[in-house]
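First comes the structure, then the notes that go with it.
Letters A, B, ... mirror the listed sequences (proteins, then strands); counts begin at 1. Side-chain atoms are counted along with the backbone in the values below, which use heavy atoms only and exclude waters and symmetry mates.
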Number of protein chains: 2
Amino acid sequence: MNIGEAAARSGVPAKTIRYYEDIGLIGRPARAENGYRDFSGTDVHTLRFIARARGLGFSVREVGELLSLYHDHSRASAAVKAVAEQAINRIDTKIGELQSMRSTLSDLAERCHGDQRPDCPILDDLAGS
Amino acid sequence: MNIGEAAARSGVPAKTIRYYEDIGLIGRPARAENGYRDFSGTDVHTLRFIARARGLGFSVREVGELLSLYHDHSRASAAVKAVAEQAINRIDTKIGELQSMRSTLSDLAERCHGDQRPDCPILDDLAGS
DNA sequence: ATGAAGGTTCCGGCGACGGGAAGGTCAAGG
DNA sequence: CCTTGACCTTCCCGTCGCCGGAACCTTCAT
């Protein structure tokens, strides 16, 4: 199948599929006589795997690790779990940062009248007054 | 003062200060006779403002808006609050996405033995089995 | 005199793509 | 038969917010 159909079936945009090929995340797909990429069902399966993993927050590099772990049927599940826990830690860190920002911001926003008057604790805080 | 001291006093790296100048977030600072940038206390104050705002999660573009609102003493606090609420909404959206990922990931990780055996629900899920 | 520690500009790279140009290909319709 | 439009191809540039490094200049201490 052509890249458009592979994109539709996998949920990965055609541009992104080419990009994944470029960076070596996926192997080079077969080519038809006209030079078009010719994707197999297996290729689409791999793309779906990637799409799901990306959706769960794994980086492209981690997805590469997961893919090779997936193809290595003798690997230990501990290796996979380690990658997942790394991702969880990264996410937790990020959530913490965001919650801290959110908390400060909403404090400031609550104290700001939000009307026509110019005085504003948000700017005052940013200015360090 | 030179860029290095301005960086130390504001917490904004010298490279970043030059970048902010490039993109027009800050005005062009004065230049000494030797061609070095010559920062004033006001410049450092502005840089600190920027550093704080960035730390709260405002985008550089938003920081630009906040700076011009800060300098416009006749603006309504509502305008500032709007920018802040926009940032809060963006942060909330992001937190929601991350929490959803985190939840799925930790479910999967819990169900994964994480030992020498190869069977792993994480990969099974990604493979869509 | 020399070397270190600043400063300057400019160029390139990161991650993970997306947009769009310039051109080849293919099936359907007038 | 020809055209139209929807695909496909490669290529390069832009995004966001910087950071690293090259090549060069200035200043200061030894």
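Distance from the side chain of A:Ser59 is smallest to C:dA16 among C:dA16, C:dG7, D:dG17. With distances taken from any side-chain atom of A:Pro13 to the nucleotides C:dG18, D:dC8, D:dG17, the minimum falls on C:dG18. Nearest nucleotide to the A:Lys15 side chain, out of C:dA16, D:dG20, C:dG20: C:dG20.
Between B:Arg102 and A:Asp92, at least one side-chain nitrogen of the basic residue sits less than 4.0 Å from a carboxylate oxygen of the acidic one, meeting the salt-bridge criterion.
Nearest-nucleotide mapping onto DNA chain D: of A:Phe39 and B:Phe58, the residue sitting toward the 5' end is A:Phe39. In terms of position along DNA chain D, the nucleotide closest to A:Glu21 lies nearer the 5' end than the nucleotide closest to the other residue of the pair B:Thr16 and A:Glu21.
OP1 or OP2 of C:dT9 lies within a sub-4.0 Å distance of a side-chain N or O belonging to B:Arg31. Regarding contacts with the backbone of C:dG7, every side-chain N or O of B:Arg37 stays at 4.0 angstrom or more from both OP1 and OP2.
Atoms CZ (A:Arg61) and C1' (C:dG15) sit 12 Å apart, rounded to a whole Å. The CD atom of B:Glu5 sits 14 Å away from the C1' atom of C:dG7 (whole-angstrom rounding). For the pair B:Ile3 CD1 and C:dT9 P, the computed distance is 9 Å after rounding to whole Å. If you measure from atom CD1 of B:Ile50 to atom P of D:dG17, you get 12 Å, rounded to the nearest angstrom. One atom, OH of B:Tyr19, and another, C1' of C:dT9, lie 17 Å apart when rounded to the nearest Å. One can place CD1 of B:Ile17 at 13 Å from P of C:dT9, the figure rounded to the nearest angstrom. Note: CG (A:Leu25) to P (C:dA16) measures 10 Å, nearest angstrom. To the nearest angstrom, P of C:dT8 lies 12 Å from CG of B:Asp22.
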Kindly give the atom pairs (protein nitrogen or oxygen, nucleotide nitrogen or oxygen) under 3.5 Å for nucleotides 26-29 of chain C.
{"unit_1": "C:dC26", "atom_1": "OP1", "unit_2": "A:Asn34", "atom_2": "ND2", "d": "3.4"}

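Here the shortest heavy-atom pairing between B:Gly114 and A:Lys81 reads CA-CD, 3.7 Å. For A:Leu47 against A:Val12, the heavy-atom pair with the smallest separation is O-CG2, 3.6 Å. Counting all heavy atoms, side chain and backbone alike, B:Arg52 lies closest to A:Leu126 at NE-O, 3.1 Å. Minimum interatomic distance between A:Leu108 and A:Pro121 (heavy atoms only, all atoms of both residues): CD2-O, 3.9 Å. The minimum heavy-atom distance linking A:Glu62 with A:Arg90 is given by the pair OE2-NH1, 2.9 Å.
With hydrogens and angles disregarded, no donor-acceptor distance shorter than 3.5 Å links the side chain of A:Arg18 to the backbone of A:Asp22.
Counting non-hydrogen atoms under 4.0 angstrom, B:Arg18 reaches a base of the nucleic acid.
Taking OG of A:Ser106 as the start and CE of A:Met101 as the end, the distance is 13.5 Å to the nearest 0.5 Å.
Atom CZ of B:Arg31 has more than 12 neighbouring heavy atoms from other residues, nucleotides or ligands inside a 6.0 Å radius.
Inter-axis angle, ends of the helix from C:dA1-D:dT30 to C:dG30-D:dC1, five pairs per end, rounded to 10 degrees: 30°.
Side-chain N/O atoms of B:Asp43 and B:Thr46 include no donor and acceptor closer than 3.5 Å.
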